[in-house]
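See structure below.
In what follows, every heavy atom counts, from backbone to side chain, and hydrogens, waters and symmetry copies are set aside.
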Amino acid sequence: MDTILCHRQDGVMVLTLNRQDKRNALTQKMYTDLIDHLNSAEQDPAIRAILVQGDNQCFCAGNDLQDFLNGTLDNDAPVLRFVRMLPHLKKPLVAAVAGPAVGIGTTLLLYCDLVYATEDAKLMLSFVNQGLVPEAGSTVLLPALMGHQRSAELLLLGRTFSGAEAHEWGLVTRTVPAEQLLDHALTQAKRLASQPQSALTATVAMLRDARPDNLSEVIDHEIALFLAQLETDETKARIARMLKR
């Protein structure tokens, strides 16, 4: 079974996370597939917008924790190549979020132009809880979006927050009932794809130019700390306990 489904519709590439039995936790193979699809979308003039979704019950439970214990992660691991790729995407990115959105399932949203979520979606930045550090530039993008204290609560305590809270704080564009979520997100992605392309592309680029100039350096620094934390006994023990739950 393909764990990343891809189809094209009216100028939109729709990427569906398809590992529901594991709450769409991302494996290294899934990251590789996402990278390949995103590269294809970026190079294909017929694709004018990208939609990332799970189903109307589950978005993404983050990285598959088993990867953190098997010793296969290095600086060129697919997950880290995916994270490094995010700031360089040029086409509009849309997300549809229901149920859990943990770790990368939340930090990915910082790179989306439109995010639609159910009110009761459960977002969580659980890095410190696992003995790790945040990734994907979230240590600078999140405070810029919602302020230091709120970001500190989410990153340091790793508390769950709802789609309604994420909307209030600016991370989510609009909340949508679960039964309407996927259709609504696709409709909005199609609207993006139908916009005059030169104007859309230029506006997306200007919006993304507002990100910090040193974002790629921040991401590399986070990655170095992340990999170092993976080697600590405390982190290995914490993740092993979480896997046994």
Side-chain angles (χ1 to χ4, degrees), residues 1-27 30-31 33-34 37-38 41 46-64 82 86 89 91-126 136 138 142 145-146 150 154 158-195 200 204 245:
M1 181 180 70
D2 290 336
T3 50
I4 302 291
L5 305 179
C6 177
H7 76 275
R8 301 164 184 242
Q9 186 173 344
D10 298 333
V12 178
M13 177 179 283
V14 182
L15 300 176
T16 303
L17 310 182
N18 187 41
R19 197 186 179 213
Q20 289 90 344
D21 60 320
K22 298 295 184 181
R23 300 192 306 161
N24 290 334
L26 295 170
T27 64
M30 293 171 74
Y31 283 116
D33 290 345
L34 284 170
H37 290 311
L38 290 172
I47 297 300
R48 299 180 171 188
I50 303 162
L51 170 61
V52 182
Q53 63 183 20
D55 59 24
N56 63 2
Q57 299 296 319
C58 178
F59 182 56
C60 175
N63 201 88
D64 190 318
F82 176 76
L86 293 175
L89 295 175
K91 297 196 175 177
L93 190 59
V94 182
V97 181
V102 180
I104 189 69
T106 291
T107 57
L108 169 63
L109 307 182
L110 293 165
Y111 293 90
C112 293
D113 302 288
L114 301 175
V115 178
Y116 300 101
T118 61
E119 285 197 353
D120 61 353
K122 294 178 172 58
L123 293 81
M124 188 179 188
L125 296 158
S126 55
S138 54
L142 207 64
L145 179 67
M146 58 181 68
R150 183 168 287 145
L154 299 180
R159 81 164 177 88
T160 301
F161 57 108
S162 68
E165 287 177 301
H167 176 235
E168 178 185 349
W169 301 336
L171 183 59
V172 163
T173 307
R174 190 178 305 278
T175 57
V176 181
E179 64 274 14
Q180 300 173 21
L181 176 67
L182 301 185
D183 286 343
H184 181 80
L186 179 57
T187 296
Q188 297 305 99
K190 287 180 180 180
R191 288 186 63 189
L192 287 175
S194 69
Q195 291 285 75
L200 180 70
V204 167
R245 291 177 185 172

Has the side chain of [X] got a donor or acceptor atom that lies under 3.5 Å from a matching backbone atom of [Y]?
X      : Y      : value
Tyr116 : Gln188 : no
Lys91  : Ile47  : yes
Asp113 : Leu93  : yes
Asn18  : Ile4   : no
Thr106 : Ala101 : yes

| task | Look up atom CG in Asp2 and atom CG in Asp33, then write down how far apart they are to the nearest 0.5 Å. | result |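 The CG atom of Asp2 sits 7.5 Å away from the CG atom of Asp33.
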| task | To the nearest 0.5 Å, tell me how far His37 NE2 sits from Leu15 CG. | result |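 It is 6.0 Å, given to the nearest 0.5 Å.
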| message | Given Leu17, which partner from the list Thr3, Asp55, Leu26 fulfils the side-chain contact (heavy atoms from CB on, under 4.5 Å) test? | response |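 It is Leu26; the other options fail the test.
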| task | Keeping to residues at least two apart or across chains, list the side-chain hydrogen bond (donor to acceptor under 3.5 Å, both in side chains) pairs with something in residues 177-186. | result |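 Applying side-chain hydrogen bond (donor to acceptor under 3.5 Å, both in side chains) to every pair that reaches into residues 177-186, excluding sequence neighbours, yields nothing.
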Quick check on [X]: does its [atom1] atom have over 12 non-hydrogen neighbours (other residues, nucleotides or ligands) under 6.0 Å away?
X      : atom1 : answer
Arg159 : CZ    : yes
Glu165 : CD    : yes
Arg191 : CZ    : no

Do you know which two heavy atoms are closest between [X] and [Y], and how far apart they sit?
X      : Y      : answer
Val12  : Ala193 : CG2-CB, 4.0 Å
Pro92  : Leu192 : CB-CD1, 3.7 Å
Arg19  : Thr27  : NH1-CG2, 3.3 Å
Cys60  : Ile104 : SG-CG2, 4.4 Å
Gly163 : Thr175 : O-CG2, 3.7 Å

